[in-house]
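Shown next, in structure tokens, is the structure this report addresses.
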Amino acid sequence: MIANDFLSHAFMDREWKRVERIANKILTSAEITFWKKHAQSKVVLFKFWVAKEASYKMASRQFDLPRTFAPKNFPCQFLSEDQFSCQCGPHDYSGEWLFNEKGLLAVIQFDSRSVAEHFWVPYTNARRAPARHAMLGDLQKSHPTSFENMRSSHFEARVHPHYCRSYSEPWGVCSLELNS
Amino acid sequence: MTSEHIRKKLEGIIDTYIPKGEKPEKVTDDLDLMEDLHINSAHLIDIILDIEDEFDIEITDEEAENMLTLGAAMEIISAKV
């Protein structure tokens, strides 16, 4: 099983006043303290955000949790610059961040020995839904898969030879767990 | 502020974050912001902040947890303005 969450640079590039308000909405007091120690870096803030989201998604998939929007209920810690741990009730998850020119991705894998591959997928809408659903069906048959959609992605597609070549607009990140 | 005014302003805020082509013909109170309107979870924060700005109110963490439909948002705002 795999869960991910992604934010584009466009999303993270907020005016400072808005960033501070987001922090107060999503971070616990301990996380706020950590954030302040790190010069209130935008990246640190959004690392917390994607880690919480990915953890919540993983817990939801494993335990069929009711949907909610309560990021403060999922306290996270930096284990290093690239790794985190998050708590969802009695469940602890560890994951990793990938930060590159496309944005910030958090990935949690149930089996940490397996390898994840990430590529862009088209955002679903009425016109694209049939093709996208067929693609997801194929992928889910062969791999534990997680998808994160973003409404506005400002980067070029990484064209997947089998699934994505017919789409001109990438809208999300697909994470595949391999070798599981 | 009347219920109609609140609704008009709220729909204007939410419209901003509905992906192109995803808006249903009729927006009803029971529509789920994420499931039905396909608003990304990251933009739920934006909606909450925009509501605070537009209506000059503060949304508590508990209220934010329950703000998953248009109707729920209407109720929370109506109780504060």
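So you know, we letter chains A, B, ... as the sequences are listed, proteins then strands, and number each from 1. Values below: every heavy atom of this structure, side chains too, minus hydrogens, waters and symmetry copies.
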Margin query: I'd like to verify something: which residue of B/Ile45, B/Ile59, B/Asn66 has the highest number of heavy-atom pairs under 4.5 Å with chain A?
Written below: B/Ile45
Checklist line | Minimal non-hydrogen separation, A/Lys25 against B/Ile48, with atom names | finding: CE-CG2, 4.0 Å
Notebook entry, point to check: Contact part of B/Asp32 toward chain A, heavy-atom cut-off under 4.5 Å: side chain, backbone, both or neither?
Noted result: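 The side chain, not the backbone.
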Next item on the list: Answer yes or no: is there an ion pair linking A/Arg18 with B/Asp46, defined by an N-O contact shorter than 4.0 Å?
Entry: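 Counted as a salt bridge, because a side-chain N and a carboxylate O are separated by less than 4.0 Å.
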Notebook entry, point to check: Charged N to carboxylate O under 4.0 angstrom, B/Glu58 versus A/Arg21?
Noted result: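 Looking at B/Glu58 and A/Arg21, the cut-off is not met.
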Next item on the list: Can you measure from CG (B/Leu44) to CD1 (A/Ile26) and round to the nearest 0.5 angstrom?
Entry: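 Interatomic distance, B/Leu44 CG to A/Ile26 CD1, rounded to 0.5 Å: 12.0 Å.
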Notebook entry, point to check: For A/Lys72, is it the side chain, the backbone, both, or neither that has a heavy atom closer than 4.5 Å to a heavy atom of chain B?
Noted result: side chain
Are there over 12 heavy-atom neighbours, none belonging to [X], within less than 6.0 Å of that residue's [atom1]?
X	atom1	answer
A/Gln87	CD	yes
B/Glu65	CD	yes
B/Asp30	CG	yes

Item checked: Connected via hydrophobic side-chain network under 4.5 Å: A/Leu79 and A/Phe74 -> no
